[in-house]
Amino acid sequence: MIADALQFFLILALATGLAALVGKAMAHLFTSPAHLALERLTYRVLGVAPDEEMSWRRYGVLLLLSNAAMMTLGYLLLRLQEHLPGDPLARASQPPDQAFNTAASFITNTNWQSYSGEASLSNVSQMVVITFLMTVSAATGIAAAGAFLRGLSRKSAAALGNYWVDLTRVTYRLLLPLCFVVALLLVWQGVPQTLSAEAVVTTLEGQAQHLVVGPVASLEAIKHIGTNGGGFYGMNSAHPFENPTPLTNTLHILGMLLIPAAFTFTLGAMVLRRRQGWAFLGAFTVMFLGFLAVVYTAERGGNPLLAQHGVDQLGSELHAGGNLEGKELRFGIAQTSLFVTVTTAATTGSVDSMHSSLTPLGGLVPLAQMMLNSVFGGDGVGLINLLTYALLTVFLVGMMIGRTPEFLGKKIEAREMKLVMLAVLVHAFSILGFTALACVVPSTVASLSNGGPHAFSEVLYAYTSGTANNGSAFAGFNANTPFFNTTIGLAMLVGRYLTLLPMLAVAGALAAKRVVPQGPGTMATDGPLFTALLVFVVLVVGGLTFLPALALGPIVEHLLMGAGASF
Amino acid sequence: MTDPANALQDSPAPPLRGQLRPILGSAVLMLIVTGVLYPLLTTAVAQALFSHQARGSIVENGGRAVGSGLIGQHFTRPEYFHGRPSTTLGPDPADPTKTVDSPYDARLSGASNQGVLSARLKAAVAERAQRYRADNGLPPDVPVPVDAVTASASGLDPDISVANARLQLQRIAGARRASRQALEALLAQAVSGRQLGLLGEPRVNVLQLNLALDAAFPIERTTR
């Protein structure tokens, strides 16, 4: 127990320290007027003027169109996989519905996988489709958040910055250098990085074992730093080649938290209100710690149905104990619980345990965090989501005390609130609407792998994960059908762009506003009171929207577990 | 309205036509930089600095590659320590379009994905616990460590708990005609503690332990 608590404390303290460093560097990246030589060369090749300032519309349209071009390129390469050279294992091309799902999944930073990496992607695809889309989707999210922060920090301005400059700088200055260093650390710990496709060995009992290898470390590094989450192997970060040691597990956790947490510091630096950044970090952390405690306690408690067969789940110095089905021994309960909470908080979606085999309450946490979508959140978009709720909070508080709501000195008016509500509602509508649709489609039953309320959770989890751009799964669920490939693919696109674009519009509107001087009636948004109100609003809005659905899945499952039911 | 944002929207936006080149060009350029140059550079440096790990941490025994130090193997013989249950699947030798149980098949990692209320999981664990006790000559009231009867997430978990290894000692001592004390000493050496004294769980790598067994207490092979 003490060792577990110590791990939590140390990792979270380290994450905060690293986030402060990177956050400051990101603020410089978004505000510095100077271009590097390599960047100038890039702008010349692309034929763009780096000093052009863009309105939110132009910024948003270019973001959308360049993402569309990247997604199309990825789609074509997946369709052509078997014709590309360099795969001794001759893995087939993906069919159209699956290639659409994969390309949509990786360009939206979701990384939902309806395929199993080692069986269906060549090393070439893992590099030029997966690693490529992982990097650019993260860069897109970070760029958009940078533009949003410019909108908050500028006064009476018409523009949010230059999309091409943001995309290039984030890739060259932030993502690639970080990933290169982390990838080498991962290789040092045992993650393969080679262009060979497999190594065949003869086991001690004389059987042939085919070990699938490839450029794993370079993919793993961006997978977590970019809050992507799609694994090189089917079983993702539970696979010993993706995550060989508790230290790599720790590096993965730190990688996922790094940029979402750093953005609170970037915000503090860019709007010149450091305390505002701390208020947001506080809101993230309070919710995170609550969810972590639930997962840890539930998983440590084990599975009551196994106790009657004389299975020792208590744990001691000699064995880890806990609910170990679908978990790796080297991580045990503490490192697994932390990973579960971080991967669904930071909407990464990689898994180092099988979420479907979590206890009902342990499985409720990933679902709930993806539904709230603002406990850290993905690279860039997490901060944008929290700011969505921050605007909602000042609006609600403003209504209660009868004043025009203000945020960071800007009046929040009807247009902004309509856009905020659009972003909040699209998220809920996509999750609940698609889940309802899937529940009435007869073919869904064939995709389920569990019975009882867990089966409903499998479907709910799939659309929540897709819409929240998380990508983790209750993985027994067979999502590789034309219906699910298409609808989950749509949920991912809706969840990404229909929340990102309205918020860019909000940023554009805010940038144009004058700053009103603070008066005695202005509500401070950088203290503990605001943090508490913000957390309250996030939980109430999320609870009102999703509690009925959760009650049908994990909550009833938890009650049935207490009654000793099985399905 | 004198709102500058609206003023900007109302003015004719710069034509998007000139943007076709950066839109398509950025896709291709970023693909080359992030999908080709970055992984290739990482591969070159990783192979130079950590060539053993970069190739999959292959373990050799007498000049023969016998496995990866990171990937579990399917041990069934009584003279070896056994790993955790594995639910990986492999192609059916009779019909390659179908799959059959193939524990520790590294071509396709896999887990049960059964929820805690699953009757299938309950039955599987009951059956494994019974077999574990029978294999190791344990009385029916001995609690079985949970890692010995639950399948891992990857199906390739290379480790078992110390408690699990200890319960297997008696069987191995009999199969190898070795003393329990000698085996206990061997096991104690093979235990790896928490990483950096803090991270993860104490554990034993089954392949390394079995290699050490073969080296210390060789037995004649009658079957292959």
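Throughout, protein chains are lettered first and strands after them, A, B, ... in sequence-line order, and every chain is numbered starting at 1. These numbers come from the heavy atoms of this one structure, side chains and all, not from hydrogens, waters or symmetry mates.
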Pairs of heavy atoms under 4.5 Å with chain B: top-ranked of [options]:
options: Ser66(A), Pro304(A), Gly190(A); answer: Gly190(A)
options: Val45(A), Leu6(A), Val187(A); answer: Val187(A)
options: Asp352(A), Val128(A), Leu176(A), Thr336(A); answer: Val128(A)
options: Val191(A), Leu65(A), Val351(A), Leu175(A); answer: Leu65(A)
options: Ser237(A), Gly332(A), Pro240(A), Gly476(A); answer: Pro240(A)
options: Ala119(A), Ala565(A), Ala3(A), Ser356(A); answer: Ser356(A)

Give, as side chain, backbone, both or neither, the part of [X] having an atom under 4.5 angstrom from any heavy atom of chain B.
X: Gln308(A); result: side chain
X: Thr171(A); result: side chain
X: Trp164(A); result: side chain
X: Ser196(A); result: neither
X: Leu10(A); result: side chain
X: Glu198(A); result: neither
X: Asn236(A); result: neither
X: Leu329(A); result: both
X: Val48(A); result: side chain
X: Glu328(A); result: both
X: Leu305(A); result: both
X: Val61(A); result: side chain
X: Ala199(A); result: side chain
X: Val136(A); result: side chain

Pick from [options]: which one has the most heavy-atom pairs with chain A under 4.5 Å?
options: Ser51(B), Pro158(B), Ala163(B); answer: Ala163(B)
options: Asp159(B), Leu156(B), Ile71(B); answer: Ile71(B)
options: Gly115(B), Ala111(B), Ser118(B); answer: Gly115(B)
options: Ala106(B), Ala54(B), Ala165(B); answer: Ala54(B)
options: Gln114(B), Arg120(B), Lys122(B); answer: Gln114(B)
options: Gly25(B), Pro202(B), Ser152(B), Gly155(B); answer: Ser152(B)

Donor-acceptor pair between [X] and [Y] side chains, under 3.5 angstrom:
X: Asn164(B); Y: Asp147(B); value: yes
X: Gln189(A); Y: Thr245(A); value: yes
X: Asn303(A); Y: Gln313(A); value: no
X: Gln335(A); Y: Gln7(A); value: yes
X: Ser154(B); Y: Tyr233(A); value: no

Can you say whether [X] sits under 4.5 Å from chain A via the side chain, the backbone, both, or neither, judging by heavy atoms?
X: Leu41(B); answer: both
X: Val66(B); answer: both
X: Ser57(B); answer: side chain
X: Arg55(B); answer: backbone
X: Leu70(B); answer: both
X: Ala129(B); answer: side chain
X: Leu29(B); answer: side chain
X: His74(B); answer: both

Any chance you could measure [X], atom [atom1], to [Y], atom [atom2], to the nearest 0.5 Å?
X: Arg203(B); Y: Phe331(A); atom1: CZ; atom2: CZ; answer: 8.5 Å
X: Leu209(B); Y: Ile172(B); atom1: CG; atom2: CD1; answer: 7.0 Å
X: Asn205(B); Y: Asp157(B); atom1: CG; atom2: CG; answer: 9.5 Å

Counting heavy atoms not belonging to [X], are there more than 12 under 6.0 Å from its [atom1]?
X: Glu60(B); atom1: CD; result: yes
X: Arg194(B); atom1: CZ; result: yes
X: Arg133(B); atom1: CZ; result: yes

Give me the atom names and distance for the closest heavy-atom approach of [X] to [Y].
X: Pro91(B); Y: Arg107(B); result: CD-NH2, 3.8 Å
X: Leu167(A); Y: Ala139(A); result: CD1-CB, 3.9 Å
X: His82(B); Y: Arg77(B); result: NE2-O, 2.8 Å

Inset, instruction - Let me see the working for Tyr172(A) and Thr42(A) under side-chain hydrogen bond (donor to acceptor under 3.5 Å, both in side chains), right down to the final yes or no. - result: CA-CA 10 Å; Tyr172(A) 289 2; Thr42(A) 303; 2.9 Å; yes
Legend entry - Side-chain heavy atoms of Val59(B) within contact of Gln208(B), under 4.5 Å: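 Val59(B) reaches Gln208(B) side chain to side chain.
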Inset, instruction - Check whether NZ of the Lys or CZ of the Arg Arg84(B) lies under 6.0 Å from the centre of the six-membered ring of Tyr104(B) and within 45 degrees of that ring's axis. - result: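 Cation-pi check for Arg84(B) and Tyr104(B): fails.
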Legend entry - Intermediate values then yes/no, side-chain hydrogen bond (donor to acceptor under 3.5 Å, both in side chains), Thr359(A) and Asn323(A): CA-CA 7 Å; Thr359(A) 56; Asn323(A) 173 31; 5.1 Å; no
Inset, instruction - Step through it carefully: locate the ring centre of Phe474(A), locate the ring centre of His454(A), and say whether they are under 6.0 Å apart. - result: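 Close enough - the centres of the two rings lie under 6.0 Å apart.
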